[in-house]
Amino acid sequence: MSAYLGLEVPRQDDAATPAVDESGTPIRVPSSDLRPARRRRPATEQPNPFVVPDNQPCAENKTLVQGFEWYVPADSQHWRRLTKALPSLAALGVTGMWIPPACKASWPTGNGYDIYDLYDLGEFDQKGARHTKWGTKEELVQMVDTANAQGVGILFDTVLNHKAAADFSERAVATKMDPHDRTKVVGEPREIEAWTGYKFPGRGSTYSPLKWNKSHFTGIDYDALSGEKGVFKFVGKEFSADVDEELGNYDYLMFADIDHRHPEVRRDLFDWTNWLSKQLKLGGMRLDAIKHYSFEFLRDLVAHIDRTVDPGWFLVGEYWREDSEFLSRFIEFMNCRISLFDVQLVSNFSCVSLQGDKGDLTTLFDDALVMWKPANTVTFVVNHDTQLGQSLETPVAPFFIPLAYSMILLRANAGIPCVFYSDLFGSIGQHPRDDHSNFVPPTSGGAVLPKMMLARNLWAYGTQFDYFDDPHCVGFTRTGHPSLSGGHGLAVVVTNSWEFASKPMYVGRQHAGEVWTDLLKWCPGVVKISSNGWGEFPVAHRSVSVWVNLKAPGRQMVDSFVFDSDIYGYKAEKDVA
């Protein structure tokens, strides 16, 4: 895989020729061994100011929201809840929503990453129910239609790496691999019993005639004959070479690992994207676990989508790797047709926030993917994988979450931000109680994040000036763009200190004489912009302030706006009681 992502990135027409060094050896950039030698981009490489000319067009900001968390109740009502919430989300300026995997899972309570049948969106009675954890196909279609009517594009979470909950087992010959280095064999080939047979009894041959068997997979994690767990590779099969090199070869992740080189598999998956686009009017896809299957297959799939489905689909991949130079090469290998989530930025948020008032705010963007590929980056603070109790748990200190959101929502040249479901609506948590007493409320009680999203929609435009000159107090300004909201901008100040702080910052001479206040109401007082366009912007301890002109168009609406975060009706229950 690394050969494809060498220093000279091939284009699609010559992708078969990997980059080589002077001796003819393929160039490799393995994250495990050579990661300390890779190039890192410090935050100081950000352009300052980042100039947005007043005389050139300025597109309105796009904002994504993740429409679920891991612990959403398994009551099959989620599509209905999202349908009701969509008008409120659209009012915040949300332009896209990433929904959970909508295909039939192993169990009625499965989140969909334990995928069973791609062609069952909650339509067939299989695996214990007709509906998925999220609801029925009819409710899904209604939700997507509502989203489109509200101007919100739906991103379908696509799981193509594996299948689970087979209908029957098969005898196969397999070799056990070292789980810590999948290139090493730890035993002789032997007969195992593998759960690899899929006949989809509820769906039959509707939509697709393919019945999956052991020939469609490269390996499995369980031998039912001996009761032994492990990584078993089928004899006659090889893991894809162009995958992430973590654990030697990270093709195998879980369950029955799909062989993307099998012609029937390839044809069926390509056909599925066409079928899906006819079932739902989508805005794109979120591609799950792309470090675990062939990069060439993924590039071919993207080309197929562009050619036969919709070249306008927004595609974002989950490639979990703290190596932004590598990820930028991966984006180029994909012909810059997909975006990736900014893993390094989330790691920075976690690291800096957990150090409390010792954290260095000037390093927040060090080597973040937005430093490399801002046009192909999706930023986030928390998601379903990084939240408490999950496989990629990356804790961000609670006080710091609003500070982090100000960095991804209000800055220029910083990718597309994705707001997490639980930060807007709260979290059921790992161990919910019937009386909801351990329900985790939304960030800052649900009042702050919606106002930041509105500020992004209304005023986060124009040239940006950075003031990242103090490890414990940083800020930036947006001067506004004449084509949007009357040219009004904003100023943001962040501190992790226990002390009150302030920052002199330039907002533009055109704002001279204006009176600005903190939109979040965490910092009292007013700031009057001087004749030369400067202001002294304060911030309360361990918080963020977003300063906006009191007379800016939309300001009164934002000041009085109250977001309905009660998606589960818990507040209504208390009111009735």
Sequence neighbours excluded and cut-off under 3.5 Å, please list the side-chain donor-acceptor pairs for residues 143-153, or say none.
residue : atom : partner : partner atom : Å
Thr146  : OG1  : Gln142  : O            : 2.9
Asn148  : ND2  : Val144  : O            : 3.0
Asn148  : ND2  : Lys281  : O            : 3.0

Enter the distance from Trp320:CH2 to Ile290:CD1 here, rounded to the nearest 0.5 Å.
13.0 Å
Before accepting this row, confirm whether a basic side-chain N of the pair Glu318/Lys291 lies closer than 4.0 Å to the acidic partner's carboxylate O.
no
Got Phe314 and Ser339 here, is their nearest side-chain heavy-atom distance under 4.5 Å?
yes
Partner of Phe380 under ring pair (Phe, Tyr, Trp, His ring centres under 6.0 Å), chosen from Phe341, Tyr405, Phe420
Phe341
Can you confirm whether Lys237 is buried at NZ, in the sense that more than 12 heavy atoms of other residues, nucleotides or ligands lie under 6.0 Å from that atom?
yes
Audit row: Asn161, Asp288, side chain to side chain contact (heavy atoms under 4.5 Å, CB included) steps and yes/no
CA-CA 8 Å; Asn161 181 68; Asp288 181 63; 5.7 Å; no
Just how far is it from atom CG of Asp342 to atom CG of Leu327, taken to the nearest 0.5 Å?
8.5 Å
Check: Gly415 main-chain N/O paired with Thr377 side-chain donor or acceptor under 3.5 Å:
no
Sidechain-backbone polar pair: Lys104 side chain, Ala129 backbone, donor-acceptor under 3.5 Å:
yes
Ignoring hydrogens and geometry beyond distance, is a side-chain donor-acceptor pair present between Asp259 and Thr218 at under 3.5 Å?
no
Side-chain donor-acceptor contact under 3.5 Å, Gln344 with Ser324
no
Beyond-backbone contact of Lys176 with Glu228, side-chain heavy atoms, under 4.5 angstrom:
yes
Just so I know, are the side chains of Asp244 and His292 near enough to count as touching, which here means a heavy-atom distance under 4.5 Å?
no
Flag, side chain of Ser205 to backbone of Ser208, donor-acceptor distance under 3.5 Å:
no
Option from Glu69, Arg433, His436 for which side-chain contact (heavy atoms from CB on, under 4.5 Å) with Ile428 holds:
Glu69
4.5 Å side-chain heavy-atom contact, Val346 and Asn383:
no
Check Asp114 against Ala105 and note the closest heavy-atom contact, atom names and distance.
OD1-CB, 3.3 Å
Please check if atom NZ in Lys211 has more than 12 non-hydrogen atoms from other residues, nucleotides or ligands closer than 6.0 Å.
yes
Does atom CZ of Arg80 have more than 12 heavy-atom neighbours, drawn from other residues, nucleotides or ligands, at distances under 6.0 Å?
no
Would you check if Phe156 and Trp313 make a side-chain contact, meaning some heavy-atom pair closer than 4.5 Å?
no
Does the pair Asp223 and Arg190 meet the rule for a salt bridge (charged side-chain N to carboxylate O under 4.0 Å, His left out), with working shown?
CA-CA 10 Å; Asp223 172 17; Arg190 72 176 201 245; 3.4 Å; yes
Examine distances only and state if a side-chain atom of Trp70 and a backbone atom of Gln430 form a donor-acceptor pair shorter than 3.5 Å.
no
Report yes or no: does Gln390 contribute a side-chain atom to a donor-acceptor pair with the main-chain N or O of Gln387 at less than 3.5 Å?
no
Looking at Glu245 and Arg321, does any basic side-chain N land under 4.0 Å from a carboxylate oxygen?
yes
Rounded to the nearest 0.5 Å, the CH2 atom of Trp195 sits from the NZ atom of Lys163 at a distance of 15.5 Å
What residue among Phe124, Trp275, Tyr198 forms ring pair (Phe, Tyr, Trp, His ring centres under 6.0 Å) with Tyr119?
Trp275
Side-chain touch His260/Ser240, heavy atoms, less than 4.5 angstrom
no
Identify whether the distance between the nearest side-chain nitrogen and carboxylate oxygen of Asp300 and Arg266 falls below 4.0 Å.
yes
Between Tyr568 and Gln77, do the side chains contain a donor N or O and an acceptor N or O under 3.5 Å apart?
no
Give, for atom OG1 of Thr158 and atom CG of Leu282, the distance between the pair rounded to the nearest 0.5 Å.
8.5 Å
So that I know where these two stand, are Trp107 and Tyr116 an aromatic pair - ring centroids less than 6.0 Å apart?
no
I want to check something: taking the side chain as every heavy atom from C-beta on, are Pro179 and Leu247 in contact at a cut-off of under 4.5 Å?
no
Could you walk me through whether Glu332 and Lys373 pass the salt bridge (charged side-chain N to carboxylate O under 4.0 Å, His left out) check?
CA-CA 10 Å; Glu332 291 176 0; Lys373 295 289 182 185; 2.7 Å; yes
Check: Trp79 ring centre within less than 6.0 Å of His131 ring centre:
no
Answer yes or no: is there a side-chain heavy-atom contact under 4.5 Å between Leu121 and Val141?
no
Using the side chain to side chain donor-acceptor pair (under 3.5 Å) rule, take Asp117 and Gln126 through it: C-alpha gap first, then chi angles, then the decisive distance, then the call.
CA-CA 9 Å; Asp117 187 0; Gln126 301 184 115; 3.3 Å; yes
Would you please indicate if the ring centroids of Phe425 and Phe439 are separated by under 6.0 Å?
no
Electrostatic pair Lys184:Asp178 at N-O distance under 4.0 angstrom
no
Smallest heavy-atom separation, Met334 atom then Phe295 atom, equals CE-O, 3.2 Å
Treating Ser353 as the side-chain partner and Ser350 as the backbone partner, does any N or O pair qualify as donor plus acceptor under 3.5 Å?
yes
When the ring centroid of Phe234 is compared with that of Phe217, is the distance short of 6.0 Å?
no
Carboxylate-amine/guanidinium contact Arg286 Asp157, below 4.0 Å
yes
Do you know the tightest heavy-atom contact between Thr109 and Ala74?
CG2-CB, 3.8 Å
Check: Asp564/Ser88 side-chain N/O donor and acceptor closer than 3.5 Å
no
